[in-house]
Protein chains: 2
Amino acid sequence: MATVHDHASAVSAPRAADDPRDRILLAAGQAFAEHGYEAATVRDICLEAGVNVAAVNYYFGDKRRLYIESVKHAHEARVKQVPLPEWPAGKPAAERLHDFVANMLERMLGLGQPPWQVRLMMREVLHPTDACRELVEDYIRPHFALLVSILDELCAGHLSQPELRRVALSIIGQCFLYRAAGDVVGMLVPQAEIDSLHTPGRLADHVTAYALAALGVSPALRQGGNT
Amino acid sequence: MATVHDHASAVSAPRAADDPRDRILLAAGQAFAEHGYEAATVRDICLEAGVNVAAVNYYFGDKRRLYIESVKHAHEARVKQVPLPEWPAGKPAAERLHDFVANMLERMLGLGQPPWQVRLMMREVLHPTDACRELVEDYIRPHFALLVSILDELCAGHLSQPELRRVALSIIGQCFLYRAAGDVVGMLVPQAEIDSLHTPGRLADHVTAYALAALGVSPALRQGGNT
DNA sequence: AGTTGATTGAAACGACCGTTTGAATCGCTC
DNA sequence: GAGCGATTCAAACGGTCGTTTCAATCAACT
């Protein structure tokens, strides 16, 4: 028996807003993000989406392909929601660095967007599957390259490419910690401090100041900087 | 029917080296670290351990308690293998920071030790379960407090406790990234650079230099520091 | 109205899961 | 060697999983 999913994704016909396929992708993304691939069940997904269990097989073939499609779907949605920042020519590199870090933290921690999309992508980063390489090439690598270029300009050629990459990873690692290990961070830091200081904006200030101080662009932290 | 596990852990009788209970804990730790709680099956664990499927129920009650015990077991093994560093009085704070970072990276990335123990603990950090809080209190919080105290001494009181905590999290975040997202890092950085520079020792040099420069203890990176 | 192909529905399939059973086996004391 | 608790074993249980089946339904065109 021929199913529609063979060509439906190819021709990409305009689908209605409440397309069953989209409802399944939405429910699947949330379920996979929350429980992981194994623990999420297609029955729960279909119940949440309001479709029959046979629909996932009809539209996607099997669970594995549904998972890959939901990862790509969430990934594309995030790219649209929070695009790479762009600056007018002549904007100082230090300000672009701050904007970039704020952008990354907003995308990771931002409260305005559904959190399950980032959670789903985090799962791929932490335990890569087939969907990961595409995620890196389309999404992570351009961000990484942009960060390296900002740092390169900031240092005016004083650092080699490997050094720049390590500094870039240092910056990403700090943002990464708050997203991936946020629960543990919450156990180590007083709640009041979390509420007041661990916001995307405040954290961007800290990470940027930390980097600028390390690179010698601005005074060291202990000699009096931002709060 | 009474089972032995009710009091076996209480009296903690000296067990033989090839105790079935230990073999199960070893196989379970590896399986849970590799596949996660849901995807790991007790049948595979028992096959790997060379015991009957009923043994896990006999010794641990059920799968969930086996999981918690295996997490604690791996945790205790790691603590014994890589204890907190101790220094003679008067050792400079900068050197202690480097030792601390090297210690943490060695524990996270160290090739000399079985990697599944850290992977298992990483799963708890990233997606906490019942075993997590105990892990934090016994294992992570003391390390965190030590790091903060080193940074405090390094800054000679110029930074507040919240600031010190954020710097500490920045340092931990950098180490955390290489462990948790090592696969993605490997896609972003040339393999030769991974092999030569992303060793625990080299990374400790970088993270420490980055922190010391940011705090103004040593010159900024771009003005010429370590490689 | 009738035909056709796309979609939905309830039910079932086979497989595997965690767990339990009850008998067989072992190690030990008397 | 008989007795007995501790341990191991093969087998099965009930349940849930992903997937499939096939008839019912719908939408569009002749």
Nearest-angstrom distance from the residue atom [atom1] of [X] to [atom2] of [N]:
X: Asn52(A); N: dA12(C); atom1: CG; atom2: P; result: 14 Å
X: Glu38(B); N: dG15(D); atom1: CD; atom2: P; result: 19 Å
X: Asp62(B); N: dC17(C); atom1: CG; atom2: C1'; result: 14 Å
X: Phe32(A); N: dG18(D); atom1: CZ; atom2: C1'; result: 11 Å
X: Phe60(B); N: dT19(C); atom1: CZ; atom2: P; result: 13 Å
X: Ile45(A); N: dG18(D); atom1: CD1; atom2: P; result: 8 Å
X: Lys63(B); N: dT20(C); atom1: NZ; atom2: C1'; result: 17 Å
X: Asp19(B); N: dC26(C); atom1: CG; atom2: P; result: 19 Å

Query raised in the report: Out of dA10(D), dT19(D), dA6(C), which nucleotide sits closest to the side chain of Tyr58(A)?
Result: dA6(C)
Query raised in the report: Among the nucleotides dT19(D), dC17(C), dG18(D), which one has an atom lying closest to any side-chain atom of Arg43(B)?
Result: dC17(C)
Requested in this report: Would you tell me if any nitrogen or oxygen in the side chain of Asn57(A) comes within less than 4.0 Å of OP1 or OP2 on dT20(D)?
Outcome: yes
Query raised in the report: Does Tyr59(B) have a side-chain nitrogen or oxygen under 4.0 Å from the phosphate oxygens OP1 or OP2 of dT7(D)?
Result: no
**Report entry** Plane angle bin for Tyr178(B) and His198(B) - parallel if under 30°, tilted between 30 and 60°, otherwise perpendicular
**Finding:** perpendicular
Query - Minimum heavy-atom distance between Ile150(A) and Arg96(A), given as atom pair plus value - result: CD1-O, 4.0 Å
Sugar-phosphate, base or nothing in reach of [X], heavy atoms under 4.0 Å:
X: Ala54(B); result: base
X: Ala39(B); result: nothing
X: Val53(A); result: base

Requested in this report: Please say whether the positively charged group of Lys63(B), taken as NZ for Lys or CZ for Arg, lies over the ring of Phe32(B), i.e. under 6.0 angstrom from the six-membered ring centre and within 45 degrees of the axis.
Outcome: no
Report task. Kindly confirm or rule out a cation-pi arrangement of Arg64(B) over Tyr37(B), judged by NZ or CZ under 6.0 Å from the six-membered ring centre and within 45° of its axis? Result -> yes
Requested in this report: Take Phe60(A) and Tyr67(A), measure what ring pair (Phe, Tyr, Trp, His ring centres under 6.0 Å) needs, and give me the verdict at the end.
Outcome: CA-CA 9 Å; Phe60(A) 298 96; Tyr67(A) 173 76; over 10 Å; no
